[in-house]
Amino acid sequence: MVESDYLAAIRESYDSVAGAYAEVVKKPGELDPVSRAVLGAFAECVRVGGRGPVADLGCGPGHVTAHLVELGVPAFGIDLSARMVELARRAHPGVGFTVGSMTALPLPDDGLGGILAYYSTHHTPPESLPTVFAEFHRALAPGGQMMLAGHVGEHERRRPTHAYGGHPVSYESHRLPLERIAELVGRAGLVVTARLEQTVGEGGGSGSGGGRRVGTCLARKPERGA
């Protein structure tokens with residue numbers, strides 16, 4: 001299968017910035033109180049459900065994946081960038097990490113208790129998000145939980161040329177309204193249970209800047225027959 005141009009751009013860009021990214025992006029314990037609380041609430045929902053592990057999709061250097069494990073949730077990470085996965089394995093040897101794409105997850109149907117997409121879907125073109133969210137639905141167990149968090153905006157499209165210490169990048173960033181993201185999640189068959197939009201200060205939820213709009217969407221896969 002030929003890799004989509006946007007996936008190749010994401011993979012190559014994050015291979016390039018991986019080392020700087022791992023140093024710049026804040027660890028979960030350094031995030032703002034609201035972002036920490038929402039991650040904790042997601043972890044508790046997964047623990048209570050007891051339906052299986054969490055896949056941290058677009059896990060980067062594994063900071064958040066390891067945090068979920070510390071919160072008592074079995075978790076593993078998947079990232080498109082082999083360099084990111086290498087750094088994650090080195091930093092967190094007790095946690096599993098693998099290379100893969102959220103457009104075609106290397107996972108069986110109905111096997112996950114949770115999916116976390118933490119600042120990892122905004123590089124996906126809006127027209128490709130239905131494919132991503134359909135994969136989330138497929139891989140989640142009935143009753144499984146999903147949390148998606150990231151940059152939101154008014155259908156903004158950004159094309160940075162350098163990032164994280166001045167390294168060259170070729171990805172695009174798409175900032176949709178949170179309402180639109182929630183709508184697409186619902187169309188994929190997931191039930192949206194909560195939405196939160198906040199403005200983060202310096203570092204904020206992403207560790208990459210100040211005064212940015214951040215949206216969080218919590219959802220679950222319906223039980224069979226529901």
Side-chain angles (χ1 to χ4, degrees), residues 6-7 9-10 13-14 17 21 24-28 30-43 45 54-60 63-64 67-68 79-80 101-103 114-137 140 145-161 163-164 169-220:
Y6 84 87
L7 291 175
I10 295 169
S13 296
Y14 278 100
V17 304
Y21 181 99
V24 171
V25 173
K26 291 182 181 291
K27 294 181 172 60
E30 301 169 329
L31 298 176
D32 65 276
V34 173
S35 296
R36 293 199 308 270
V38 176
L39 276 172
F42 169 71
C45 288
V54 170
D56 181 7
L57 305 179
C59 64
H63 299 334
V64 180
H67 181 64
L68 290 175
D79 201 278
L80 195 59
S101 170
M102 63 179 70
T103 61
I115 284 177
L116 176 66
Y118 205 65
Y119 293 85
S120 58
T121 61
H122 61 281
H123 296 308
T124 302
E127 63 270 20
S128 296
L129 284 175
T131 297
V132 170
F133 295 154
E135 275 293 271
F136 289 7
H137 181 277
L140 278 172
Q145 304 287 325
M146 185 216 73
M147 174 177 164
L148 183 155
H151 306 293
V152 295
E154 298 304 321
H155 299 281
E156 302 161 23
R157 181 181 182 185
R158 304 189 180 190
R159 296 178 175 178
T161 57
Y164 303 106
V169 295
S170 56
Y171 54 58
E172 293 184 346
S173 181
H174 304 270
R175 303 191 178 189
L176 302 181
L178 181 57
E179 292 78 8
R180 177 57 175 162
I181 295 171
E183 179 187 358
L184 292 174
V185 168
R187 287 186 181 181
L190 300 171
V191 177
V192 175
T193 56
R195 290 181 291 175
L196 171 68
E197 186 168 332
Q198 62 184 123
T199 301
V200 298
E202 184 175 358
S206 69
S208 59
R212 298 187 179 186
R213 291 172 59 190
V214 171
T216 301
C217 179
L218 296 170
R220 62 176 173 82

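Throughout, residue positions are numbered sequentially from 1 according to the sequence presented. Reckoned from all heavy atoms, side chains included, excluding hydrogens, waters and symmetry mates.
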Determine whether [X] and [Y] make a side-chain contact, defined as any pair of heavy atoms from C-beta on separated by less than 4.5 Å.
| X | Y | value |
| --- | --- | --- |
| Val34 | Thr216 | no |
| Tyr164 | Val169 | no |
| Ser173 | Arg157 | no |
| Leu140 | Leu190 | yes |
| Thr103 | Glu135 | no |
| His155 | Pro126 | no |
| Leu39 | Leu31 | yes |
| Pro160 | Tyr171 | yes |

If every non-hydrogen atom of [X] is compared with every non-hydrogen atom of [Y], which pair is closest and at what distance?
| X | Y | result |
| --- | --- | --- |
| Thr121 | Leu129 | O-CD2, 4.1 Å |
| Met102 | Gly58 | CE-N, 4.2 Å |
| Ser170 | Ala9 | OG-CB, 3.5 Å |
| Ala43 | Leu68 | CB-CD2, 4.3 Å |
| Val214 | Tyr119 | CG1-OH, 3.1 Å |
| Asp79 | Cys59 | OD2-N, 3.2 Å |

Pairing residues for Ala188 by the side chain to side chain contact (heavy atoms under 4.5 Å, CB included) criterion, not counting sequence neighbours:
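For Ala188 the side chain to side chain contact (heavy atoms under 4.5 Å, CB included) partners, ignoring immediate neighbours, are Phe133.
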Taking Ser101 for the side chain and Leu80 for the main chain, is one N or O donor matched with an acceptor at less than 3.5 Å?
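Judged by distance alone, no pair lies under 3.5 Å.
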Give a yes or no on whether the backbone of Gly153 and the side-chain of Arg213 come within a donor-acceptor separation of less than 3.5 Å.
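Not a single qualifying donor-acceptor pair exists.
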Could you go through the side chain to side chain contact (heavy atoms under 4.5 Å, CB included) check for Leu57 and Val132 one step at a time?
CA-CA 11 Å; Leu57 305 179; Val132 170; over 6 Å; no
Can you list every side chain to side chain donor-acceptor pair (under 3.5 Å) pair that touches residues 123-134, not counting sequence neighbours?
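Applying side chain to side chain donor-acceptor pair (under 3.5 Å) to every pair that reaches into residues 123-134, excluding sequence neighbours, yields Tyr14-His123.
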All pairs passing side chain to side chain donor-acceptor pair (under 3.5 Å) where residues 179-192 contributes a residue, at least two apart
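Pairs touching residues 179-192 that pass the test: Arg180-Glu183, Glu183-Arg187.
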Let me confirm one number: the [atom1]-[atom2] distance from [X] to [Y], rounded to the nearest 0.5 Å.
| X | Y | atom1 | atom2 | answer |
| --- | --- | --- | --- | --- |
| Ile10 | Glu172 | CD1 | CD | 9.5 Å |
| Leu218 | Arg195 | CG | CZ | 11.5 Å |
| Leu116 | Met146 | CG | CE | 9.0 Å |
| His174 | His151 | NE2 | NE2 | 13.0 Å |

Partner set under side chain to side chain donor-acceptor pair (under 3.5 Å) for [X], not counting sequence neighbours:
| X | result |
| --- | --- |
| Arg175 | none |
| Arg158 | Glu156 |
| Asp56 | Thr65 |

